[in-house]
Every structure is written in C-alpha cells, then in structure tokens.
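Beneath this line is the structure, given in structure tokens, with notes to follow.
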Amino acid sequence: DESARLSQSPDDLPSVSVSVQFSDFAYRTDEGKPWVLPVVKKVESIIVNDTTLNHEYLPILGLPEFRSSASKIALGDDSPAIQENRVGAVQCLGGTGALKMGAEFLRRFYNGNNNTKTPVFVSAPTWENHNAVFSNAGFEDVRPYKYWDAQNRGLDLAGFLGDLESCPEHSIFVLHACAHNPTGTDPTQEQWKQIAEVMMRRKLFVFFDSAYQGFASGSLDKDAWAVRYFVSMGFEMLCAQSFSKNFGLYNERVGNLTIVARDADNLKRVLSQMEKIVRTTWSNPPSQGARVVAVTLNSPELFAEWKDNVKTMADRVLLMRAQLKAKLQALGTPGTWEHITDQIGMFSFTGLNPNQVEYMIKEKHIYLMASGRINMCGLTTKNIDYVAESIHEAVTSVQ
Ligand SMILES: Cc1ncc(COP(=O)(O)O)c(C=O)c1O
Ligand SMILES: *[C@@H]1O[C@H](CO)[C@@H](O)[C@H](O)[C@H]1NC(C)=O
Ligand SMILES: *[C@@H]1O[C@H](CO)[C@@H](O)[C@H](O)[C@H]1NC(C)=O
Ligand SMILES: *[C@@H]1O[C@H](CO)[C@@H](O)[C@H](O)[C@H]1NC(C)=O
C-alpha cells in the first residue's frame with residue numbers, strides 16, 4: 001500500500017490509556033456536589049455586564065492584569081524580588097500548562113542549553129503527570145526522590161535530604177508548594193529550611209508546583225510560606241500556580257507560571273523566549289478564567305470574599321479529617337490515626353494496604369486508589385459513619 005498512512009501497523013501505533021477520574025482531584029460540598037464559588041458567580045456577572053470587554057486575542061503571555069495582579073498571592077505584596085523587577089509571569093493553561101511551559105524552557109535553556117540529560121527529580125510518590133510532562137518536554141532522566149515514609153506514615157526527611165546530598169549538581173527538583181498530592185504530607189517550616197540549605201549548597205534548581213494554595217491551612221499566606229522562603233533565600237526559580245482548585249475554575253484552564261530571575265535583564269530574556277515557546281504551543285491563552293481571577297484579586301472586597309470562600313472549602317476538609325479520626329478512634333480501629341489530621345489538603349494516605357483497598361471497593365463500594373489515597377472531599381456528614389465503619393472492618397478483617 002503506497003498511500004500516506006497515520007501508521008503502518010499496530011506496532012507503530014499502540015493504543016495507550018489515559019484514563020483519569022478528574023473528580024478525584026476536585027472539591028465537593030457536603031452534599032457531594034461541585035461548588036461554584038459565590039465570588040466567582042458574582043464576578044462572572046460583572047464580566048457579562050461589562051460592555052467594554054471584547055473577544056480579541058490576548059497577548060501571547062496573557063492578560064496583563066492577570067499576570068501582575070496587585071495582590072501577588074504567590075510571592076506576597078512585599079516581595080523584594082518583585083520590587084527588584086526580576087519576577088515575571090506567563091498566563092498558562094492551568095497548572096499543567098505552567099509546568100509544561102516551564103519544562104520546555106528548562107530543557108532548552110537551563111544552565112546553558114539542551115538539558116536532555118539533566119536529571120529531574122519528582123517526589124515518590126507524586127501527581128503522576130509530573131513524570132510525563134517532564135519526559136515529554138525532552139528530559140530523558142526523570143527520577144523519584146524519597147518523600148513518603150510508609151512505615152511512619154509521614155515525611156521521610158532523612159531520605160529526602162540524602163537524595164538532595166547525593167544527586168548530581170544542578171539537578172532540577174519539582175517541589176509541591178503545599179498540600180502534597182497524593183500524601184497530604186508537607187515539610188514543616190524547619191524542614192523546609194533544611195531542604196533549602198542543601199539545595200542552595202548543592203546548586204540544585206527548584207521548580208515549585210502550587211496547585212492547592214489555600215487548601216492546606218485555609219490561609220493563602222500560610223500556604224505560600226515555602227515558596228516565599230525560597231525566594232527570600234535568593235534562589236532563581238520557577239513556580240507553576242494553578243487556580244483550578246482554589247477558584248473552582250477547573251475547566252477554564254487558568255494557571256500562572258512565575259519566573260524569579262537573577263535580575264531584570266535576565267527576566268526580560270527569559271520572557272522573550274517564553275513568548276516564543278507559547279507562540280508555538282497555544283499561541284495565546286483564553287481570557288475568561290484569567291478575567292475572573294484578575295477582577296477578584298484586584299478588588300479588595302472581592303478578594304476578601306474569595307479568601308472566605310477558600311476557607312469554606314478548607315474548613316470542610318478539616319472537619320471531615322477530625323470526624324474521621326474521632327470515629328476510627330471511637331471504634332477502636334487498630335493502628336494510629338493521627339496521620340488523618342496531621343495530613344493536610346484534599347488528599348489523605350489512609351495507610352490501607354492494597355488488599356484492604358480492594359475490600360473497600362468490592363465489599364463496601366467505597367472507591368479509593370490502590371495506594372490507599374482518598375480525596376477527603378468524598379466524605380460528607382451523611383456518609384462518614386459508613387466510611388469509618390468500613391475502614392474498621394477492612395483493617396480488622398483483611399491482612
Ligand atoms: C500536584 C498537582 N499539580 C498540578 C495539577 C494541575 O492542575 P490544573 O488542573 O490546573 O492543570 C494538579 C491537578 O490535579 C495537581 O494535583
Ligand atoms: C448585571 O446586570 C443586571 C441587569 O441589568 C443586573 O440585574 C445585575 O445586578 C448586574 N450585576 C452586576 C454584578 O452588576
Ligand atoms: C502571576 O505571577 C506573577 C509573578 O509572580 C505575580 O506578580 C502575579 O500576581 C500572578 N498572578 C496571579 C493572578 O496570581
Ligand atoms: C540535545 O541532546 C540530545 C542528547 O544528547 C541530542 O540527541 C540532541 O541532538 C541535542 N539537541 C541539540 C539541539 O543539540
């Protein structure tokens with residue numbers, strides 16, 4: 001056959017599966033329903049009423065008010081790096097787009113050029129897309145760094161620091177800014193300081209992924225502590241910021257890639273190259289989500305209302321954690337359950353083993369990942385007793 005074929009044989013074009021349960025990553029109300037933040041509803045109607053808006057293309061790097069939003073929620077209003085004009089941003093398609101643009105830039109230019117061999121370290125475990133985003137950008141050596149201590153159901157700080165000490169200089173590390181997905185376990189401030197010290201000394205590059213700012217503690221500032229600390233230590237860095245979760249704007253694809261450069265001149269050159277990468281990827285970003293975020297952040301009243309909406313979501317998760325732990329303790333379920341409330345953010349590593357997970361799914365129709373990870377938002381005041389009793393049964397009857 002001489003005709004032009006998409007592929008010559010099934011071997012050339014194997015079928016792959018990219019099945020993701022997106023609701024696994026989303027917030028749900030106590031009724032188990034998606035939640036449109038009231039502030040978002042309000043801002044959408046402001047946007048609809050605004051007759052000055054049109055549907056022209058945005059600039060390649062994004063909506064100016066979005067890129068520079070007065071409130072500067074990732075770095076803080078008073079960031080010296082911002083005052084020194086060495087912080088810039090690219091509006092991206094969600095947090096994933098921000099990671100992708102950052103990865104494409106790093107592979108081309110980081111520390112010289114053509115970094116296909118530079119190791120990129122992602123936490124073990126991590127959000128599974130981290131591996132693929134970096135390898136698809138051309139990095140041939142994406143590896144795990146030690147993070148989760150299954151025995152103690154907490155952070156493996158010694159392992160983490162050990163990997164930082166023994167990896168090649170100039171390696172790239174993807175760090176979860178807060179509310180680590182999937183373990184719900186973040187370093188403490190003291191631990192972050194130790195991590196930063198080794199990373200600085202060993203000349204390692206930090207790429208923060210901030211997908212859940214506000215979800216860990218209910219406070220945007222508290223959740224940005226690690227990012228701001230690294231900036232204050234003088235790191236050049238990238239930070240991928242997603243507004244999917246904290247604005248509930250999942251399908252608008254609104255994200256921000258922050259670039260903290262050495263100086264204003266470097267920033268200018270980075271942004272010019274970013275413009276070229278964006279131009280050949282999606283050309284220019286969509287406006288609706290960025291407008292919602294920018295209008296909200298640029299009005300003190302709407303900003304306050306948004307922070308309150310974020311706290312509503314975080315508080316519901318915190319309440320479910322407290323209740324789940326209390327119920328398991330009241331049932332006398334073997335093992336310790338402190339980790340349920342020690343962990344933060346949307347996810348929890350329950351510590352259930354694969355057999356117990358299978359029991360939960362087959363016998364109880366409670367669906368969770370084989371790793372034992374649950375989305376806390378799946379719990380409601382109506383199902384929490386059933387969930388706690390089912391965990392109790394799984395732990396007591398399945399090895
Ligand atoms: C750790 C982490 N990073 C990034 C993202 C990407 O979010 P977005 O939907 O904004 O692309 C997610 C989404 O689940 C995530 O969990
Ligand atoms: C938008 O316009 C409608 C109709 O004029 C009005 O009822 C509504 O209050 C306006 N909303 C805002 C947020 O201004
Ligand atoms: C995007 O990042 C830049 C650089 O950190 C920051 O100034 C801006 O406020 C961010 N935009 C939003 C909407 O957070
Ligand atoms: C980059 O490095 C890879 C691996 O060493 C090599 O195959 C590729 O040709 C290089 N690309 C450029 C543009 O130098």
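The model shown is predicted, which means the values in this text are computed figures rather than measured ones. By convention here, the first residue in the shown sequence is residue 1. All ligand and atom numbering here is 1-based and tracks the order in the structure.
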| request: Find all atoms of ligand 3 within a distance of less than 4.0 Å from any non-hydrogen atom belonging to F243, and give their numbers and elements. | output: 12 (C), 13 (C), 14 (O)
| Considering only heavy atoms of A89, which atoms of ligand 3 have at least one such atom less than 4.0 Å away? | 1 (C), 2 (O), 3 (C), 4 (C)
| Region of T96 that comes within reach of ligand 1 [heavy atoms, distance under 4.0 Å] | both
| query | So which protein heavy atom does atom 4 (C) of ligand 4 come closest to, and at what separation? | reply | T116 OG1, 3.3 Å
| request: Looking only at protein heavy atoms, identify the closest one to atom 5 (O) of ligand 4 and say how far it is in Å. | output: K117 CE, 3.8 Å
| H176 and T126: side chain donor to acceptor below 3.5 Å | yes
| Atom indices of ligand 1 within 4.0 angstrom of S244 heavy atoms, with elements | 8 (P), 9 (O), 10 (O)
| Distance filter under 4.0 Å to G95 heavy atoms, resulting ligand 1 atoms | 8 (P), 10 (O), 11 (O)
| message | Looking at K362, I want to see if its NZ is surrounded by more than 12 non-hydrogen atoms of other residues, nucleotides or ligands under 6.0 Å. | response | no
| Does the ring center of Y110 lie less than 6.0 Å from the ring center of F139? | no
| message | Within the structure, is a non-hydrogen atom of G88 found at a distance of less than 4.0 Å from ligand 3? | response | yes
| message | Just to confirm my output: which protein heavy-atom neighbour is closest to atom 10 (C) of ligand 3, and how far is it? | response | N256 ND2, 2.4 Å
| request: Determine whether any heavy atom of Y212 lies closer than 4.0 Å to an atom of ligand 1. | output: yes
| Which bit of L297 is near ligand 3, meaning a heavy atom under 4.0 Å away: side chain, backbone, both or neither? | side chain
| request: Indicate the atoms forming the closest heavy-atom contact of V206 with M199, along with that distance. | output: CB-CE, 3.9 Å
| request: Report the part of Q241 in contact with ligand 3, treating N, CA, C, O as backbone and CB onward as side chain, heavy atoms under 4.0 Å; options are side chain, backbone, both, neither. | output: side chain
| said: Can you confirm whether the side chains of Y359 and E393 place a donor and an acceptor under 3.5 Å from each other? | reply: yes
| message | Against ligand 1, does H180 come closer than 4.0 Å with any heavy atom? | response | no
| Nearest neighbour in protein (non-hydrogen) for atom 11 (N) of ligand 4 | N114 ND2, 3.0 Å
| field | Option set S79, S69, S210, A74, criterion heavy-atom distance to atom 9 (O) of ligand 3, minimum | value | S69
| task | Taking only heavy atoms of K245 into account, list the atoms of ligand 1 that are under 4.0 Å away from them. | result | 12 (C), 13 (C), 14 (O)
| request: Could you list the atoms of ligand 3 found under 4.0 angstrom from a heavy atom of V87? | output: 4 (C), 5 (O)
| Quick one: does ligand 3 sit under 4.0 Å from the side chain of S68, the backbone, both or neither, non-hydrogen atoms only? | backbone
| Smallest separation among heavy atoms of V317 and G345, with atom names | CG1-O, 3.3 Å
| field | Exercise check, heavy-atom protein proximity under 4.0 Å to atom 2 (O) of ligand 4 | value | yes
| said: I need the nearest protein heavy-atom contact for atom 7 (O) of ligand 3: residue, atom name and distance, please. | reply: R67 O, 3.6 Å
| task | Go through the steps to decide whether R201 and E165 satisfy the test salt bridge (Lys or Arg N to Asp or Glu O under 4.0 Å), and finish with yes or no. | result | CA-CA 9 Å; R201 175 162 49 76; E165 291 286 3; 2.8 Å; yes
| said: Could you identify the single nearest non-hydrogen protein atom to atom 13 (C) of ligand 3 and state the distance to 0.1 Å? | reply: F66 O, 3.2 Å
| remark: min-distance protein heavy atom vs atom 2 (C) of ligand 1 -> D209 OD2, 3.4 Å
